[in-house]
Amino acid sequence: MSNEQNNQKRPNPRVLSGFRDFLPAQMRVRQHVTAILRGVFERFGYEPLDTPTLEAIEVLQGKIGQDEKLLYRFTDLGGREVGMRYDLTIPLARVVAMHANDLVLPFKRYHMGPVWRADRPQRGRFREFWQCDADVVGTKSVIADAEGVAIYNAALSGCGFTDYAIRVNHRAVLTALAPYAGLPETDAVTLIRAIDKLDKIGPEGVKDEMMAHGIPEKAAERVLELVGITGSNDTVLAKLNGLLAEIPAAQAGLDDLAHLFDYAAALGVPEGKAVFFPALARGLDYYTGPVYETYVPEGGVGSLGGGGRYDNLIGTLGGRDLPATGISVGLERLLVVMEERGMAGATESVTQALVAILPNDDPLPALQLATELRIGGIRAEVTLDPKRNLMQQFQYAERKGIPWIVIAGSNERAAGTVTIRHLAFRDDRTYPRDQAVSALNHLISEWNTHVEVNPQKP
RNA sequence: GUGCCUCUAGCUCAAUCGGCAGAGCGCCGGCCUGUGGAGCCGGAUGUUACGGGUUCGAGCCCCGUGAGGCACCCCA
């Protein structure tokens, strides 16, 4: 086949809108962050779960309300109607319905994996993206809700964030808005949809939006006054208790939140990180109790994750009616913000040491040394093109982010030594050949300590 | 799925009224070097996102497609 024919037949390489390739440098960061999240989930005693990416369409349909149009669906070769999972919560509900007898309740699981939505892509919004969820099924305890907040706190601080906030609200507060403003319940969705934009368009914008949807000015002002209340959690709770005294369901919700904040503090959430935020809006068709979302200032991607209690969902898939609560961390948004802030470390290669082979030297001793390093637990690679001179090998290591280069050329062999050089520090050290592995292992752990103490690389 | 904006070298950006496609950084090749990040010499930087149209002539104007972004919608 000639090149011309080849070019004509070859399709333009491309990826679909909202889908992405992850090159090694990006994958290292993704794996770094998912490892942090996995560590947090497991530290709180959540067990891993995985489920198929495809589900029968009837499992996915009807549980996701308005977003059904965002479902990727197709007919498979056997004529079955199939959908790609839209979130990780529906699969959890299905697992609980199918395996209820095998699960110990409360069932605590975490699940990290891709989900698909045929949405219009934007910054931090993709058609294929990862969610990292932790949920508890089978308890109504507010401790479980507080645990969700505590997990968020541990996850975000574990990733290096310091300026995050976890906003907390309650379904009962949201549903109380309409009666509080003297409006019929049917206006609740309109009110919630509007106050959800408070951050973006401000109080005046929210008021305009409400009025544009037929809410009387007085009622809009009343709602805005309530959701605009700020202060310490105790202050806001007290004020809302007063304002919503006539609405028993709201009182119960506020009581939940009072406990939640106490529990969260005891679970290690620092003062000011879990904030009662009455303007936090979450979908009404889903959540039944406490709800929360995480924010970082100037993130530009909306919330980094959300969660809450959904006591009525599990039963809808045919299993026992079980209460549930949980969180979802948006890996992509986390990474967008981390990348923008230069927090996405882990720029080093997976390779810890390159074993150099000098030009015209025998490659076998280098291969043997690499083998020893690997047996010693060091991720090592060996120069694959020994015609490259030593400087080119340095440059290869530098460019790839390999921190160490190990040289055991003819000079070292004659002296019975190895030379270990740290690329960035330009630090040469000579060790006896038979101590190469232990010496490098020692240098690596020394370096890791240094990185932890001082994340700024030279 | 709707509306609007954007797309020039690997990256960041230029290109007067429609008149020869440019800079910096990076990259590639050669030479040299058992201890470097360089030097010297040389080179490509390119289907101006893609496909059409108008024009003597299109990076620039028009239409379509794709991708990215913003706002809806919704959400991670």
Side-chain angles (χ1 to χ4, degrees), chain A residues 7 11-21 23 37 64-71 86-89 112-133 152 155 189 192-194 196-197 200-201 205 209 212 280-287 291-296 299-307 326-337 354 356-361 388-399 405-415 417 419-430 458:
Chain A
N7 285 338
N12 283 335
R14 66 193 194 102
V15 292
L16 263 20
S17 174
F19 290 75
R20 295 162 296 161
D21 290 322
L23 298 182
L37 294 176
I64 53 182
Q66 329 274 317
D67 299 328
E68 210 167 299
K69 61 187 177 191
L70 300 183
L71 196 61
Y86 170 95
D87 65 14
L88 300 176
T89 310
M112 301 195 285
V115 302
W116 293 267
R117 295 182 195 178
D119 207 349
R120 181 83 170 255
Q122 287 184 33
R123 176 184 157 79
R125 170 183 291 195
F126 306 95
R127 291 186 167 171
E128 177 181 63
F129 61 98
W130 274 52
Q131 290 193 323
C132 305
D133 285 19
Y152 263 138
V189 173
I192 289 166
R193 198 168 284 166
D196 195 26
K197 298 177 185 168
K200 199 179 273 184
I201 62 180
E209 169 128 356
L280 169 64
R282 303 281 292 174
L284 280 184
D285 48 347
Y286 197 89
Y287 291 108
V291 292
Y292 26 85
E293 281 186 2
T294 59
Y295 287 89
V296 294
V301 290
S303 80
L304 300 185
I327 65 156
S328 180
V329 177
L331 179 66
E332 320 301 338
R333 293 183 174 180
L334 205 58
L335 287 166
V336 164
V337 176
L354 173 70
I357 301 178
L358 294 161
N360 305 318
D361 195 7
R388 291 189 180 191
N389 64 42
L390 191 58
M391 191 171 89
Q392 286 171 316
Q393 295 184 41
F394 284 147
Q395 286 167 351
Y396 167 81
E398 184 95 88
R399 221 187 133 193
I405 192 158
V406 182
I407 305 164
S410 49
N411 292 356
E412 283 85 358
R413 292 204 296 280
T417 62
T419 298
I420 300 178
R421 162 167 285 223
H422 189 280
L423 274 296
F425 280 176
R426 305 176 195 187
D427 177 42
D428 256 346
R429 298 188 190 195
T430 303

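Computed from a predicted structure; not experimentally measured. Just so it is clear, the values below take in all heavy atoms, side chains as well, and ignore hydrogens, waters and symmetry mates.
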For A:Leu334, report the nucleic acid contact type (base, sugar-phosphate, nothing); a contact means any heavy atom under 4.0 Å.
nothing
Among all residues two or more places apart in sequence or in another chain, which pass the salt bridge (Lys or Arg N to Asp or Glu O under 4.0 Å) test with A:Arg413?
A:Asp361
Expressed as a whole number of Å, how far does the P atom of B:rC5 sit from that of B:rC63?
10 Å
Send over the distance from A:Tyr286 OH to B:rC75 C1', rounded to a whole Å.
12 Å
Taking the same atom, P, in B:rG43 and in B:rC11, what whole-Å distance lies between them?
24 Å
Name all residues meeting the salt bridge (Lys or Arg N to Asp or Glu O under 4.0 Å) criterion together with A:Asp428; count only those two or more places apart in sequence or in a different chain, and write none if there are none.
A:Arg421
Salt bridge (Lys or Arg N to Asp or Glu O under 4.0 Å) partners for A:Arg125, two or more places apart
A:Asp119
Need one value for A:Glu128: base, sugar-phosphate or nothing, where a base atom within 4.0 Å counts as base even if backbone is also close, heavy atoms only.
nothing
So which nucleotide from B:rC73, B:rG68, B:rC75 ends up closest to the side chain of A:Glu209?
B:rC73
Bracket string, RNA chain B, 5' to 3' - pairs by Watson-Crick or G-U geometry under 3.5 Å, | interstrand
(((((((..((((.....[..)))).(((((.......))))).....(((((..]....))))))))))))....
Using atom P in both nucleotides, what's the gap between B:rC60 and B:rC20 to the nearest angstrom?
13 Å
Ignoring the backbone of A:Phe129, work out which of B:rA76, B:rG68, B:rC73 is nearest its side chain.
B:rA76
Applying side-chain hydrogen bond (donor to acceptor under 3.5 Å, both in side chains), name anything that partners A:Thr294, two or more places apart in sequence or on another chain.
none
Assign A:Gly307 to base, sugar-phosphate, or nothing according to its heavy-atom contacts below 4.0 angstrom with the strands shown.
nothing
Quick check on RNA chain B: between A:Gln122 and A:Ser410, whose nearest nucleotide comes earlier from the 5' end?
A:Ser410
Among the nucleotides B:rU35, B:rG68, B:rC72, which one has an atom lying closest to any side-chain atom of A:Ser17?
B:rG68
Across all chains, not counting sequence neighbours, the side-chain hydrogen bond (donor to acceptor under 3.5 Å, both in side chains) partners of A:Glu209 are A:Lys197
Going from CG on A:Leu16 to CD on A:Glu128, what distance comes out if it is rounded to the nearest 0.5 angstrom?
10.0 Å
Results of side-chain hydrogen bond (donor to acceptor under 3.5 Å, both in side chains) for A:Asn411 - residues two or more places apart only
none
Whole-angstrom distance between B:rC7 and B:rA14, as gauged at atom P
10 Å
Roughly how far apart, to the nearest Å, are B:rU6 and B:rU45 at atom C1'?
24 Å
Could you tell me how far apart A:Arg117 (CZ) and B:rA76 (C1') are, to the nearest whole angstrom?
7 Å
Enumerate all atom pairs, one protein N or O and one N or O from nucleotides 5-12 of chain B, separated by less than 3.5 Å.
none

Just jot down the salt bridge (Lys or Arg N to Asp or Glu O under 4.0 Å) partners of A:Glu332, sequence neighbours excluded, or say none.
A:Arg20, A:Arg30
Determine the interatomic distance between C1' on B:rA38 and the same-named atom on B:rA21; round to the nearest Å.
32 Å
Within this structure, what is the CZ-to-P distance between A:Arg193 and B:rC72, rounded to whole angstrom?
13 Å
Would you indicate what A:Gly124 reaches in the nucleic acid, counting non-hydrogen atoms under 4.0 angstrom: base, sugar-phosphate, or nothing?
base
Determine the interatomic distance between P on B:rG68 and the same-named atom on B:rU12; round to the nearest Å.
16 Å
NA contact type, A:Gly409, heavy-atom cut-off 4.0 Å: base, sugar-phosphate, or nothing?
base
Using a cut-off of 4.0 Å on non-hydrogen atoms, how would the nucleic acid contact of A:Thr419 be classed: base, sugar-phosphate, or nothing?
nothing
Classify A:Leu331 by what it touches in the nucleic acid, base, sugar-phosphate, or nothing, heavy-atom distance under 4.0 Å.
nothing
